[in-house]
Amino acid sequence: SKEHLLHELLLDGHAEIHRLMRAAAGAAGEDPVTALIAHTYLLGIFHTEMQDLARIGPDVRYLPEREREQILDVRRSVRATFEAIVARGRDAGVFEVEHVRLTTALVLNMTRSISNFYRPGGRLDHRTLAAHNCQLALRAVSGADPGLHHDVHQELLSRLDTAIREPRDVLSRTDPA
């Protein structure tokens with residue numbers, strides 16, 4: 001059925017997001033700036049590399065309640081991860097954030113929306129776009145110059161690119177042949 005296919009596609013996509021969030025956490029450690037960059041970057045990479053899959057995300061509303069909740073649990077987990085990073089940065093005095101949930105929603109929505117306008121072969125490649133999105137996320141949380149640690153950020157982005165290039169089982173049936 002169409003519902004079953006939609007559920008399988010969304011489940012595969014969200015499994016990939018979960019994998020990327022684990023890779024981000026492993027690469028970033030406890031530093032909130034590094035963690036925000038890693039998580040934002042890899043979520044941006046997902047929304048460019050898996051653009052078609054990312055675009056069907058809103059269709060979760062068409063699933064039966066049990067299947068919908070399964071997908072929404074992953075989304076809640078991602079949001080909670082980002083909220084924890086932003087709160088940790090605020091509590092450490094690194095981020096200037098009054099409203100953690102609102103700021104987190106802004107960063108997540110900005111990152112997810114990449115799939116709406118990114119075009120392969122366009123002016124910006126997907127890594128450049130995801131990295132720029134990280135700069136905007138840092139501006140959203142800090143009010144400081146996000147270029148302050150540019151060299152550290154570039155090294156982190158290179159490590160993340162390497163970390164996510166391991167073979168994927170997920171979505172193999174939706175990858176172009």
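Because the structure is predicted, anything quoted here is derived from the model rather than measured.
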So which atom in P64 and which in E3 form the shortest heavy-atom distance, rounded to 0.1 Å?
CG-OE1, 3.7 Å
Euclidean distance, S158 OG relative to R127 CZ, rounded to 0.5 Å:
9.5 Å
Could you give all pairs that pass the ring-ring contact (aromatic ring centres under 6.0 Å, His included) test and reach residues 92-114, with sequence neighbours left out?
none
Would you say that V78 contacts R75 through its side chain, given a criterion of any heavy-atom pair below 4.5 Å between the two side chains?
no
side-chain contact (heavy atoms from CB on, under 4.5 Å) evaluation trace for L108 with L43
CA-CA 9 Å; L108 286 173; L43 193 60; 3.7 Å; yes
Decide whether I56 and I114 are clustered together by the hydrophobic rule: side chain heavy atoms of Ile, Leu, Val, Met, Phe, Trp, Tyr closer than 4.5 Å, transitively.
no
For D125 and T128, what are the C-alpha separation, side-chain angles and deciding distance, and is it a side-chain contact (heavy atoms from CB on, under 4.5 Å)?
CA-CA 5 Å; D125 66 74; T128 301; 2.9 Å; yes
So if you build clusters from Ile, Leu, Val, Met, Phe, Trp, Tyr with side-chain heavy-atom gaps below 4.5 Å, do L36 and M21 land together?
yes
Considering all heavy atoms of both residues, which atom of G57 and which atom of L10 are nearest to each other, and what is their separation?
CA-CD2, 3.8 Å
Could you state the interatomic distance from CG (L20) to NE2 (H47), rounded to the nearest 0.5 Å?
10.5 Å
Applying ring-ring contact (aromatic ring centres under 6.0 Å, His included) as the test, list every pair that has at least one member in residues 1-30; sequence neighbours left out.
none
Do R68 side-chain atoms and Y62 backbone N/O form a donor-acceptor pair below 3.5 Å?
no
Taking all non-hydrogen atoms of both residues, which atom of A35 and which atom of A28 are closest, and how far apart?
CA-CB, 3.4 Å
Working to the nearest 0.5 Å, report the span between CG of D12 and CG of L53.
7.5 Å
First locate atom CD of E67, then atom CG of L11, and finally report the distance between them rounded to the nearest 0.5 Å.
9.5 Å
Can you tell me how far apart CE (M50) and OG1 (T48) are? Round to the nearest 0.5 Å.
9.5 Å
Counting neighbours of CZ on R123 that are heavy atoms of other residues, nucleotides or ligands and sit closer than 6.0 Å, is the number greater than 12?
no
Enumerate the ring-ring contact (aromatic ring centres under 6.0 Å, His included) contacts for residues 101-137, please, sequence neighbours excluded, ordered by first and then second residue.
none
Which residue pairs pass the side-chain hydrogen bond (donor to acceptor under 3.5 Å, both in side chains) test with at least one member in residues 100-113, sequence neighbours excluded?
E83-R101, T111-N133
Quick one: does L63's side chain get under 4.5 Å of Q70's, heavy atoms only?
no
Spacing of NZ belonging to K2 relative to CG belonging to D59, to within rounding of 0.5 Å:
11.5 Å
Can you name the nearest heavy-atom pair linking A140 to L106, along with the distance?
CB-CD2, 3.6 Å
Show the numbers, then the answer: is there a salt bridge (charged side-chain N to carboxylate O under 4.0 Å, His left out) between R76 and E69?
CA-CA 10 Å; R76 285 188 277 271; E69 282 303 312; 2.5 Å; yes
Sequence neighbours excluded, the answer for side-chain contact (heavy atoms from CB on, under 4.5 Å) partners of A130 is Y41, I45
The test is side-chain contact (heavy atoms from CB on, under 4.5 Å); show your working for I37 and Q135 and say whether it passes.
CA-CA 8 Å; I37 292 167; Q135 296 295 313; 6.0 Å; no
Where do E96 and S142 land on the side-chain contact (heavy atoms from CB on, under 4.5 Å) test, with the steps shown first?
CA-CA 5 Å; E96 296 176 22; S142 68; 5.9 Å; no
Of the non-hydrogen atoms in A54 and F46, which two are nearest, and what is the gap between them?
CB-CE2, 4.0 Å
Pairs touching residues 26-45 that satisfy salt bridge (charged side-chain N to carboxylate O under 4.0 Å, His left out), sequence neighbours left out
E30-R88
